[in-house]
Amino acid sequence: RLIQANHLRVMRQNDKAIEAYQALARNLPNDEDLKYVLSSLYIETSDYEKARAETTSLLKEDPKSIRGLWQMGVIEITSNNPQAALDPLNQALSLTIQTDNQESKALVLLAIGISYRLLNKPEDALRNYQESIAINERIGQKRGVAAGLAEMAQVQASSGNSDGALASYQKALKLLREIGMTKEVGDTLMDMGTLLYDRGQTDQALAAFQEALRTQRESGDENFEALCLSNIASVYGSRGDTGSA
């Protein structure tokens, strides 16, 4: 059953995966791993009440669970409560320092940075992103470095530093391509395409969106595929090419 549930999750059949994990959880009601995975699936399906319930249950069993506290922060971030995210995330950060868990510390710092970005505190966001990136560079976590760079680019762009933002996106893309993260490449290309479009670089923006479209189709993400098509249409429309748009 666990293998089947994992397969459904990998194939992004979230509704069926949730049913499979729920069946497993009925037989193993205190299993922290199942609670964590179910919470993650509920986040992906935007069912934040159930995600909170699973994570609260996990933290009741283990109040010092770093991943549980991080997950609670993620729930608050994704449900548009960035201020509420800071309490569990700071608790998690303290635990990563106590246990010298560098990988988790970098992940938590990234989430704290996102919270500050959403709270319109760019300096605090950048400070946490930079610390997260530095840790990931030390421990060789290229995916974590790329995630930090992509987040940093958003803050740089909103602060008017479009050159810095473009450089950050390009560094993130290079790392993601090196480690073969197709979906993340597509997501980053979409953000970079938007930046290029805002800079008036429509040729480069179109190329970024078209490559993003290919990668989103490869990864099977129809929502982002639709967004890519919409972005491509906007570029054509801005050029007066209504037929292609």
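These numbers come from a predicted model, not from an experiment.
- Without hydrogens or angle criteria, Ser168 side chain to Ala153 main chain gives no donor-acceptor distance under 3.5 Å.
- Remark: side-chain polar atoms of Ser104 are not paired, donor with acceptor, to backbone N or O of Asn101 under 3.5 angstrom.
- Shown here are the side-chain contact (heavy atoms from CB on, under 4.5 Å) partners of Val37, two or more places apart in sequence or in another chain: Arg9, Tyr21, Leu41.
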Contacts under 3.5 angstrom, residues 63-70 side chains, donor-acceptor by atom type, not counting sequence neighbours:
| unit_1 | atom_1 | unit_2 | atom_2 | d |
| --- | --- | --- | --- | --- |
| Ser65 | OG | Gly68 | N | 3.0 |
| Arg67 | NH1 | Asp33 | OD1 | 3.2 |
| Arg67 | NH2 | Asp33 | OD1 | 2.4 |

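- Looking at Tyr116 and Leu86, their side chains come closer than 4.5 Å, going by heavy atoms from C-beta outward.
- Remark: Glu131 does not engage Arg127 in a salt bridge, criterion side-chain N to carboxylate O under 4.0 Å.
- The number of heavy-atom neighbours closer than 6.0 Å to CD of Gln170, taken from other residues, nucleotides and ligands shown, is above 12.
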Applying side-chain hydrogen bond (donor to acceptor under 3.5 Å, both in side chains) to Gln216 and Asn223, what does each step give before you reach the verdict?
CA-CA 9 Å; Gln216 298 297 351; Asn223 290 329; over 6 Å; no
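- Of the inter-residue distances, the one linking Leu149 atom CG with Ile133 atom CD1 reads 4.0 Å to the nearest 0.5 angstrom.
- Through direct or indirect side-chain contacts shorter than 4.5 Å among Ile, Leu, Val, Met, Phe, Trp and Tyr, Phe224 is connected to Met190, Leu227.
- Hydrophobic clustering (side-chain heavy atoms under 4.5 Å, transitive across Ile, Leu, Val, Met, Phe, Trp, Tyr) keeps Leu173 apart from Val155.
- Rounded to the nearest 0.5 angstrom, Asp62 CG and Asn30 CG are separated by 12.5 Å.
- In Gln22, the CD atom is crowded: over 12 heavy atoms of neighbouring residues, nucleotides or ligands sit closer than 6.0 Å.
- Hydrophobic cluster membership differs between Tyr236 and Leu196, with clusters built from Ile, Leu, Val, Met, Phe, Trp and Tyr side chains linked at under 4.5 angstrom.
- The two residues Ser238 and Val235 have their closest heavy-atom pair at OG-O, 2.6 Å.
- In the model, Asn136 has no side-chain atom that pairs as donor or acceptor with a side-chain atom of Gln102 under 3.5 Å.
- Gly186 and Thr215 make their closest contact through CA-OG1, 2.9 Å (heavy atoms, listed as atom of the first residue, atom of the second, distance).
- No chain of hydrophobic side-chain contacts below 4.5 Å, direct or via other Ile, Leu, Val, Met, Phe, Trp or Tyr residues, connects Ile139 to Leu176.
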Show, in sequence, the C-alpha distance, side-chain angles and deciding distance for Val74 and Leu89, and conclude whether the side-chain contact (heavy atoms from CB on, under 4.5 Å) test is met.
CA-CA 9 Å; Val74 171; Leu89 289 174; 5.7 Å; no
Between Gln154 and Tyr169, is a side-chain contact (heavy atoms from CB on, under 4.5 Å) present by the stated rule, with each step listed?
CA-CA 9 Å; Gln154 292 190 51; Tyr169 279 134; 3.6 Å; yes
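- Contact between Val108 and Ala92 at its shortest, heavy atoms only, is CG2-CB, 3.9 Å.
- Between Met192 and Leu189 the shortest side-chain heavy-atom distance falls below 4.5 Å.
- No donor-acceptor pair closer than 3.5 Å links the side chain of Ser159 to the backbone N or O of Gln156.
- The two residues Ala205 and Gly193 have their closest heavy-atom pair at CB-O, 3.4 Å.
- Around CD of Gln13, the count of heavy atoms belonging to other residues, nucleotides or ligands within 6.0 Å exceeds 12.
- Judged by distance alone, the side chain of Asp241 and the main-chain N or O of Gly237 form no donor-acceptor pair under 3.5 Å.
- For the atom pair CE (Met72) and CG (Leu59), the distance works out to 5.5 Å, reported to the nearest 0.5 Å.
- Ion pairing between Asp31 and Lys35 fails under the 4.0 Å rule for side-chain N and carboxylate O.
- Note that the CD1 atom of Ile114 and the OG atom of Ser132 stand 9.0 Å from one another [nearest 0.5 Å].
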Chi angles and distances behind the side-chain contact (heavy atoms from CB on, under 4.5 Å) call for Asp163, Arg199
CA-CA 10 Å; Asp163 288 342; Arg199 284 163 59 100; 2.9 Å; yes
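- Between Ala150 and Ala172 the shortest heavy-atom distance is N-CB, 4.2 Å.
- Across all non-hydrogen atoms, the minimal contact from Leu110 to Gly148 is CD1-CA, 3.8 Å.
- Residue-environment remark: NZ (Lys183) exceeds the threshold of 12 foreign heavy atoms within 6.0 Å.
- Residues meeting the side-chain hydrogen bond (donor to acceptor under 3.5 Å, both in side chains) test with Thr96, sequence neighbours left out: none.
- Here Gln204 contributes atom CD and Leu195 contributes atom CG; the two are 11.0 Å apart, rounded to the nearest 0.5 Å.
- Checking side-chain atoms of Ser234 against main-chain N and O of Ser230 turns up a donor-acceptor pair under 3.5 Å.
- Cluster membership for Ile179 and Leu175, using ILVMFWY side-chain heavy atoms within less than 4.5 angstrom, is not shared.
- Residues Ile112 and Val145 share a hydrophobic cluster, clusters being chains of Ile/Leu/Val/Met/Phe/Trp/Tyr side chains in contact below 4.5 Å.
- Here OG1 of Thr99 is found 10.0 Å from NZ of Lys105. Values are rounded to the nearest 0.5 Å.
- Ser39 is linked by a side-chain hydrogen bond (donor to acceptor under 3.5 Å, both in side chains) to Thr55, Gln71, counting only residues two or more places apart in sequence or in another chain.
- Evaluation of the side-chain hydrogen bond (donor to acceptor under 3.5 Å, both in side chains) test over residues 188-197, restricted to residues two or more places apart or in two chains, returns none.
- Salt-bridge check for Glu76 with Arg52: passed, with a basic side-chain N closer than 4.0 Å to an acidic carboxylate O.
- Formation of a donor-acceptor pair under 3.5 Å by the Tyr48 side chain with backbone atoms of Thr78 is found in this model.
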Hey, mind stepping through Leu126 and Glu123 against side-chain contact (heavy atoms from CB on, under 4.5 Å) and telling me if it holds?
CA-CA 5 Å; Leu126 286 172; Glu123 291 182 4; 5.9 Å; no
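- Ion pairing of Arg177 with Glu211 is present here, as a side-chain N (NZ or NE/NH1/NH2) and a carboxylate O approach within less than 4.0 Å.
- The main-chain N or O of Ala111 is found under 3.5 Å from a side-chain atom of Ser115 such that the two form a donor-acceptor pair.
- Using a 3.5 Å distance cut-off with no hydrogens or angles, the side chains of Gln98 and Ser94 do pair a donor with an acceptor.
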Audit row: Glu54, Lys50, salt bridge (charged side-chain N to carboxylate O under 4.0 Å, His left out) steps and yes/no
CA-CA 6 Å; Glu54 289 293 339; Lys50 288 184 179 177; over 6 Å; no
